[in-house]
Amino acid sequence: MFYVSGTQLMTPERRKAVWAIYVWCRRTDELVDGPNASYITPTALDRWEKRLEDLFEGRPYDMYDAALSDTVSKFPVDIQPFKDMVQGMRLDLWKSRYMTFDELYLYCYYVAGTVGLMTVPVMGIAPDSKASAESVYNAALALGIANQLTNILRDVGEDARRGRIYLPLDELAQAGLTEEDIFRGKVTGKWRRFMKGQIQRARLFFDEAEKGVTHLDSASRWPVLASLWLYRQILDAIEANDYNNFTKRAYVGKAKKLLSLPLAYARAAVAP
């Protein structure tokens, strides 16, 4: 997933297009996580999806829809990832547990992997890239999954206070942990070992995503790579907090953020 932190480094036209996508994603997420979430029904999400179809056909409802409609007219953006994200919101209306990682992966695809697929047409693939378009899209998907897994690991305590557990229950059980341990929120040796495995998996998705960045259009590599590096550092922050993601929110300090920008630029500049 391409997060908004990198858009300031993009060309104006691409920045405007990514912002239009980002705003639509935020509005969609707010339907189930915002202040009016308790009033949202499956029917309301059906109406939201119909509104999405309308804006793709050039019939926007408001100025925000119009911005995305303009993006769709200028870039080869496909509607399916947007529809899939709405499906992720439907899951959030009734599902608060995930038995396996396969289940969790599908959820992560719906709510975040889709964003990678939405934005690749805007970022563009380098004309001289020898990679297949499929591999670049797979890398973008991996970035969305990595970012969402990072969100989940960062927000364990916050989600638990809302009665939600976005962790594979079978892996929790294998680690000797229960749902009650999550709600109790105590950092133990078992929890640290469990978290190390979860963080390692998220890093593997980041590694897969980083391979694809080198095949993006040269104007897009730096902002995407900077965004990737910044978000990956949240995992370092969880470790620095001794895996206490129950009561401490992991974040990346301003100094580290600023340091990442020139490093990402140097890395992007030498990409093939």
Write down the atom of Ala131, the atom of Val136, and the distance for their closest heavy-atom approach. CB-CG2, 4.3 Å
After noting the C-alpha distance and the side-chain angles of Tyr22 and Met118, does the key distance pass the side-chain contact (heavy atoms from CB on, under 4.5 Å) rule? CA-CA 10 Å; Tyr22 172 79; Met118 294 172 191; over 6 Å; no
4.5 Å side-chain heavy-atom contact, Leu93 and Leu45: yes
With side-chain contact (heavy atoms from CB on, under 4.5 Å) as the criterion, how do Asp78 and Leu117 come out once you've worked through the C-alpha distance, each side chain's angles and the decisive distance to 0.1 Å? CA-CA 8 Å; Asp78 186 72; Leu117 304 186; over 6 Å; no
Charged N-O contact under 4.0 Å between Arg51 and Asp54: no
Tell me if the OH atom of Tyr64 is crowded by more than 12 foreign heavy atoms within 6.0 Å. no
Just wondering, are more than 12 heavy atoms of other shown residues or ligands nearer than 6.0 Å to NZ in Lys16? no
Considering residues at least two apart in sequence or located in another chain, which fulfil the side-chain contact (heavy atoms from CB on, under 4.5 Å) criterion with Ser73? Asp70
Apply side-chain contact (heavy atoms from CB on, under 4.5 Å) to residues Ile165 and Asp159 and explain how you reach the verdict. CA-CA 6 Å; Ile165 298 177; Asp159 289 332; over 6 Å; no
Quick one: are Gln87 and Tyr107 in side-chain contact, heavy atoms under 4.5 Å? no
Any heavy-atom pair between the side chains of Gln148 and Ile145 that's under 4.5 Å? no
Are Glu171 and Arg201 within salt-bridge range, i.e. N to O under 4.0 Å? yes
So, does Thr119 use its side chain to make a donor-acceptor pair with the main chain of Val115 at under 3.5 Å? yes
Is Asp155 salt-bridged to Arg249, going by a charged N under 4.0 Å from an acidic O? yes
Atom of Gly58, atom of Ser69 and distance for their closest heavy-atom approach: CA-OG, 3.7 Å
For the side chain of Thr114 and the backbone of Phe82, is there at least one donor-acceptor N/O pair under 3.5 Å apart? no
Check the pair Asp181 / Lys190 against salt bridge (charged side-chain N to carboxylate O under 4.0 Å, His left out), numbers first and verdict last. CA-CA 10 Å; Asp181 290 316; Lys190 288 181 179 179; over 6 Å; no
Spacing of CG belonging to Asn245 relative to CD1 belonging to Ile152, to within rounding of 0.5 Å: 11.5 Å
Report yes if the side chains of Leu143 and Ser227 come closer than 4.5 Å at any heavy-atom pair, otherwise no. no
With hydrophobic residues grouped by side-chain heavy-atom distances under 4.5 Å, do Phe183 and Trp191 end up in a single group? yes
Are Met99 and Leu91 connected in the hydrophobic side-chain network, where two residues link if heavy atoms are under 4.5 Å apart? yes
Please report the shortest heavy-atom distance between Ala139 and Gly212, naming the atom on each side. CB-CA, 3.5 Å
Can you see which heavy atom on Phe206 is nearest to which on Thr150, and at what distance? CE1-OG1, 3.3 Å
So, are Glu158 and Arg164 salt-bridged, with charged N and O less than 4.0 Å apart? no
Mind checking side-chain hydrogen bond (donor to acceptor under 3.5 Å, both in side chains) for Asp84 and listing every partner two or more places apart, or none if nothing turns up? Gln80, Tyr109
Measure the CG-OG1 distance between Leu225 and Thr214 for me, rounded to the nearest 0.5 Å. 9.5 Å
Nearest heavy-atom pair of Pro121 and Phe75: which atoms, and what distance? O-CD2, 3.6 Å
As a quick check of understanding, evaluate side chain to side chain donor-acceptor pair (under 3.5 Å) for Thr43 and Asp46, giving each step before the final call. CA-CA 5 Å; Thr43 301; Asp46 290 343; 5.0 Å; no
Hey, is Asp33 close enough to Arg26 for a salt bridge, meaning N to O under 4.0 Å? no
Is a salt bridge present between Arg59 and Glu53, judged by a nitrogen-to-oxygen distance below 4.0 Å? no
So does Asp217 pair up with Arg14, basic N to acidic O under 4.0 Å? yes
Aromatic ring pairing Trp24/Trp48, orientation class (parallel under 30°, perpendicular over 60°, tilted between): parallel
Kindly compute the distance separating CD1 (Ile238) from NZ (Lys196), expressed to the nearest 0.5 Å. 14.0 Å
Would you say that Leu167 contacts Phe194 through its side chain, given a criterion of any heavy-atom pair below 4.5 Å between the two side chains? yes
For the CZ atom of Arg27 and the CG atom of Asp29, what is their distance to the nearest 0.5 Å? 13.0 Å
For Thr247, is there any backbone N or O sitting under 3.5 Å from a side-chain donor or acceptor partner on Asn244? yes
Any Val224 side-chain heavy atom under 4.5 Å of Met123 side chain: yes
Nearest 0.5 angstrom please: Tyr166 OH to Arg97 CZ, how far? 10.0 Å
Given Tyr110 and Val86, is the side-chain contact (heavy atoms from CB on, under 4.5 Å) satisfied, shown in steps? CA-CA 8 Å; Tyr110 282 142; Val86 177; over 6 Å; no
Before accepting this row, confirm whether a basic side-chain N of the pair Arg90/Glu49 lies closer than 4.0 Å to the acidic partner's carboxylate O. yes
Under 4.5 Å between side-chain heavy atoms, hopping through other hydrophobics if needed: is there a path connecting Trp94 to Leu169? yes
Can you tell me how far CZ of Phe246 sits from CG of Asn241, rounded to the nearest 0.5 angstrom? 12.5 Å
Contact summary for Ala209 and Leu228, nearest pair of heavy atoms: CB-CD1, 3.9 Å
Please tell me if the side chains of Trp222 and Val213 come closer than 4.5 Å, counting only heavy atoms from C-beta onward. no
Lys95 meets the salt bridge (charged side-chain N to carboxylate O under 4.0 Å, His left out) criterion, sequence neighbours left out, with Glu103
Less than 4.5 Å apart, side chain to side chain, heavy atoms only: is that true for Val111 and Met85? no
Is the number of heavy atoms from other residues, nucleotides or ligands within 6.0 Å of OH (Tyr61) greater than 12? no
